[in-house]
Novice: 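The structure that follows is given in the form of structure tokens.
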Amino acid sequence: MPELPEVETSRRGIKPHILNKKVTDVIIRNKNLRWPIPGSLKKQLIDQVIQKVDRRGKYILLYTSAGTVILHLGMSGSLRILNKSATAEKHDHFDIIFSNNKVLRLRDPRRFGCVLWAKSDPLKHKLLINLGPEPLNDEFTAEYLFEISRNRKVAIKTFLMNSHIVVGVGNIYANESLFAAGINPKRAAHKISLKSYQSLVPKIKAILKKSIEQGGSTLKDFINEDGKPGYFQQTLCVYGRDSEPCINCGNSIKQIIQAQRSTYYCTTCQK
DNA sequence: ACTTCGACCTGTTGGC
DNA sequence: TGCCAACAGGTCGAAG
């Protein structure tokens, strides 16, 4: 489910309900996510106040004075805010309950997500310390991508999806931004010119920004039934459009597999 | 140091 | 209609 826009929308959605709220209980129904939810987490979190609701890449960070919850939604995770009396369903693995009688509930059918605890600076955590820049920050530039790609022979699409290069560019947006920039996803990262990177980087930023805005505008309330994430309502130019006509030239969109993930592109428009 | 590949899971979809 | 294989928005860590 979650690409960066949905993670950011989730962060914004839960924030007003949990910021400055005190944790009264923690329920772990199934600790077996990608990594086990630490057994100590309940003890650490109870009585703590959420001081900051942040994001780094696709990790959501809930800061308290005792430490930080590091949360990842994996492939199928979602967060909701409910009344604490709401019945937990099949894949609702984890709850944080607050003094305002609300619960932050994690649902994750595939259990590729994780809930971890960092005692000190979570940005120094093993999983976060080597992450690349945020795509929407100023440090993410064409020059940066050009420099860091000089010895990298991997396909540009795989390169873009590497979180150590840049965070938050998942399969949908890697495909869409390469189409927007007219770059063939199979080209080796080191063979792409600065000029092409100068075309690509603003596309990545624009597409992510637009999706986050749509996520925010379509998700009015994080309580109860959550609507479809914004990026589902936006038109995708290539992703999932195998054999359909290219919106530019009408030729058929091609699907291939790269690094075990589906790639979609137009062989005419993307060189 | 870089690249590839297996692994972790369940739910949904499409072809027969 | 039913069954089964293929596939799904992620990413780590081992092996090459």
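Each chain gets a letter, A, B and so on, in the order its sequence line appears, and its residues count up from 1. Keep in mind the model is a prediction, meaning the values are calculated, not measured.
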Novice: Strictly below 4.0 Å, N to O, side chains only: are A:Lys210 and A:Glu213 in salt-bridge contact?
Specialist: no
Novice: Which residue, A:Lys90 or A:Gln260, contacts DNA chain B at a nucleotide closer to its 5' end, judged by nearest heavy atom?
Specialist: A:Gln260
Novice: Please name the residue in the list A:Phe179, A:Tyr265, A:Tyr264 that meets the ring-ring contact (aromatic ring centres under 6.0 Å, His included) test with A:Tyr239.
Specialist: A:Tyr264
Novice: Testing A:Arg105, A:Lys84, A:Lys42 one by one against A:Asp95 for a salt bridge (Lys or Arg N to Asp or Glu O under 4.0 Å), which residue passes?
Specialist: A:Arg105
Novice: Assess whether atom NZ of A:Lys203 is packed by more than 12 heavy atoms of other residues, nucleotides or ligands within 6.0 Å.
Specialist: no
Novice: Any side-chain N or O of A:Ser262 under 4.0 Å from OP1/OP2 of C:dA8?
Specialist: yes
Novice: When the distance from CD1 of A:Ile165 to P of C:dC12 is rounded to whole Å, what number comes out?
Specialist: 13 Å
Novice: So which of residues 107-132 of chain A are in contact with DNA chain B, with a heavy-atom cut-off of under 4.0 Å?
Specialist: A:Pro109, A:Arg110, A:Arg111, A:Phe112
Novice: Grab the CD-C1' distance between A:Gln255 and C:dA6 for me, whole Å please.
Specialist: 11 Å
Novice: Could you tell me whether the side chains of A:Thr263 and A:Lys157 share a donor-acceptor contact shorter than 3.5 Å?
Specialist: yes
Novice: Using a cut-off of less than 4.0 Å, is there contact between a side-chain N or O of A:His91 and OP1 or OP2 of B:dC9?
Specialist: no
Novice: Mind pulling the stems DNA chain C is in, i.e. runs of at least three Watson-Crick or G-U pairs, everything under 3.5 Å?
Specialist: B:2-8 with C:10-16, B:10-16 with C:2-8
Novice: To the nearest Å, how far apart are A:Arg56 CZ and C:dG10 C1'?
Specialist: 16 Å
Novice: Just how far, in rounded Å, is P of C:dG16 from NZ of A:Lys153?
Specialist: 20 Å
Novice: Say whether, by atom type as modelled, one donor and one acceptor occur between the side chain of A:Asn162 and the main chain of A:His164 under 3.5 angstrom.
Specialist: yes
Novice: Supply the atom-to-atom distance A:Arg187 CZ to A:Leu178 CG, rounded to the nearest 0.5 angstrom.
Specialist: 10.0 Å
Novice: If you take any heavy atom closer than 4.0 Å to DNA chain B, which residues from residues 28-39 of chain A end up in contact?
Specialist: none
Novice: Roughly, in whole Å, what's the span from CG in A:Leu160 to P in C:dT11?
Specialist: 14 Å
Novice: Quick one: which of C:dA8, C:dG10, C:dC12 gets closest to the side chain of A:His164?
Specialist: C:dC12
Novice: What distance separates A:Ile183 CD1 from A:Gln270 CD, expressed to the nearest 0.5 Å?
Specialist: 8.5 Å
Novice: Atom NE2 of A:His93 to atom C1' of B:dG11: distance rounded to whole Å?
Specialist: 12 Å
Novice: Does OP1 or OP2 of C:dC12 have a side-chain N or O of A:Tyr59 closer than 4.0 Å?
Specialist: yes
Novice: Going by atom types alone, do A:Ser262 and A:Gln255 pair a side-chain donor with an acceptor below 3.5 Å?
Specialist: yes
Novice: Distance from A:Arg110 atom CZ to A:Leu33 atom CG, nearest 0.5 Å?
Specialist: 14.0 Å
Novice: In terms of the nearest nucleotide of DNA chain C, which residue is placed more toward the 5' end: A:Ser163 or A:Ile257?
Specialist: A:Ile257
Novice: Report, as yes or no, whether the 6.0 Å neighbourhood of atom NZ on A:Lys205 holds more than 12 heavy atoms from other residues, nucleotides or ligands.
Specialist: yes
Novice: Whole angstrom is fine here: how far is it from CZ in A:Arg261 over to P in C:dA6?
Specialist: 18 Å
Novice: Looking at A:Arg56 and A:Leu61, would you say the former's side chain and the latter's main chain have a donor-acceptor pair under 3.5 Å?
Specialist: no
Novice: I want to check one thing: is the phosphate of C:dG10, taken as OP1 and OP2, less than 4.0 Å away from some side-chain N or O of A:His72?
Specialist: no
Novice: Take atom CG of A:Leu73 and atom C1' of C:dT11, then tell me their distance rounded to the nearest Å.
Specialist: 14 Å
Novice: What interatomic distance, in whole Å, is found between P of C:dA6 and the corresponding atom of B:dG6?
Specialist: 15 Å
